[in-house]
Protein chains: 2
Amino acid sequence: MTAPPNLDAFDRAILSILQKDNTTPQRAIGERVNLSAPAVQRRIRRMEEHGVIRANVALVDPAKIGHPITIFVEVEVESERAELIDAAKRGFAEVPEVQQCYYVTGEADFILFVTVATMADYEALTRRLFFANNNVKRFRTFVAMDRVKVGLEVPVG
Amino acid sequence: MTAPPNLDAFDRAILSILQKDNTTPQRAIGERVNLSAPAVQRRIRRMEEHGVIRANVALVDPAKIGHPITIFVEVEVESERAELIDAAKRGFAEVPEVQQCYYVTGEADFILFVTVATMADYEALTRRLFFANNNVKRFRTFVAMDRVKVGLEVPVG
DNA sequence: ATCCGGATGAAACAAACTTGCAATCAGCTG
DNA sequence: CAGCTGATTGCAAGTTTGTTTCATCCGGAT
């Protein structure tokens, strides 16, 4: 996580592959980008050290492990005092059902992504997260009917 | 992707590990869940075949590769006729800057997640995606100030 | 022209994954 | 209750992949 990323065309080509499948052998990557396996390996390690690559993870299908419901919540707070906002961030982030949490500008303050097994679970979660929190003014719920595109891939072109 | 997932405690423990770091050696996984490396490997392969594990990917920090802006958009359409909705789904999904797209119930119809390098890029994207599309009634933009929690991890407990 | 830092590829090495096989166990069936 | 069947396991051998070493090369600065 030192300082200078400074990625060249090789790095970008490697990232493009790893974002789709990080089990691709370094040799195979090397062939596709015209580099030797050790060169590929060193570039990957460098990008991991610099934080360009945040993590290497398996993506699992929520429905297949008993979390068929994806919900999307806009939260509006009463006060935007720094310490209250920070407390809210920490509170949301530590909940496993909350996959994603963003602090945003606009008509809402927070945007959350939640996966749950049942609507009853969601209802319980709202009670814990929103109704029990004095600083939450209101929230709006959107239930996902279709996960059209789900990923965290960033274009590198 | 055949039929029956039917995951036991071993599978869930393995998923929990792989969702955080899928470079963990099978031997190390085996030690943590009390299973041999081959057993771990067979379970992983089975979950991949059944689609429980959708993909293995590297997560990249958007800011480090020139996409510092994360934007979040609610889209409302004019008509919900099936073919128009399908066309919209395909149209959104094929755009690389659109990381995530959900079709939702509630006050909006689609929710999009977009990463861009500059606001000018976003402006150009809105013109292409929304203003040039007759079926888009209106859209609301939220700009992320803080990516409090970003991931696709699903709780397995 | 020389030096120096950084990156590279080939080869040797180490570690991880993968396969074959015999043993074990649970649930049936006769 | 014995025996069969299918599924899962661990061990060990074999194979692939990742990692390190080292000599070389290139570009910029002295």
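What you see below is based on every heavy atom in this structure, not just the backbone, and it leaves out hydrogens, waters and symmetry mates.
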Could you give all pairs that pass the salt bridge (Lys or Arg N to Asp or Glu O under 4.0 Å) test and reach residues 112-122 of chain B, with sequence neighbours left out?
none

In whole Å, what is the span from the [atom1] atom of [X] to the [atom2] atom of [N]?
X	N	atom1	atom2	value
B:L18	C:dC17	CG	P	10 Å
B:N6	D:dA7	CG	P	13 Å
A:R45	C:dA7	CZ	C1'	12 Å
B:I44	C:dC17	CD1	C1'	10 Å
A:D8	D:dC26	CG	C1'	15 Å
A:D11	C:dG6	CG	P	16 Å
A:R46	D:dT19	CZ	C1'	18 Å
A:I14	C:dA7	CD1	C1'	13 Å

Determine whether A:F92 and B:V148 make a side-chain contact, defined as any pair of heavy atoms from C-beta on separated by less than 4.5 Å.
no

4.5 Å side-chain heavy-atom contact, A:T70 and A:F113:
yes

Students often get this wrong, so: under 4.0 angstrom with heavy atoms, is A:P38 touching a base, only sugar-phosphate, or nothing?
base

Looking for any heavy atom pair under 4.0 Å, which part of the strands does A:R43 touch: base, sugar-phosphate only, or nothing?
sugar-phosphate

Does this structure show an ion pair linking B:R81 with B:D86, if we count only N-O contacts that are shorter than 4.0 Å?
no

Between B:K137 and B:D109, does any NZ, NE, NH1 or NH2 come within less than 4.0 Å of an OD or OE carboxylate oxygen?
no

Under a 4.0 Å heavy-atom cutoff, the residues of residues 26-37 of chain A touching DNA chain C are A:L35, A:S36

Please produce a list of atom pairs where a protein N or O lies less than 3.5 Å from an N or O of nucleotides 22-25 of chain D.
none

Start with the C-alpha distance between B:V52 and A:D61, add both sets of side-chain angles, then the distance that settles side chain to side chain contact (heavy atoms under 4.5 Å, CB included), and finish with yes or no.
CA-CA 5 Å; B:V52 177; A:D61 185 339; 5.9 Å; no

Please report the shortest heavy-atom distance between B:A108 and A:F142, naming the atom on each side.
N-CE2, 3.5 Å

Passes side chain to side chain contact (heavy atoms under 4.5 Å, CB included), B:L125 versus B:V95? Steps please.
CA-CA 9 Å; B:L125 194 64; B:V95 179; 4.0 Å; yes

Would the number of heavy atoms belonging to other residues, nucleotides or ligands and lying under 6.0 Å from CZ of B:R32 be above 12?
no

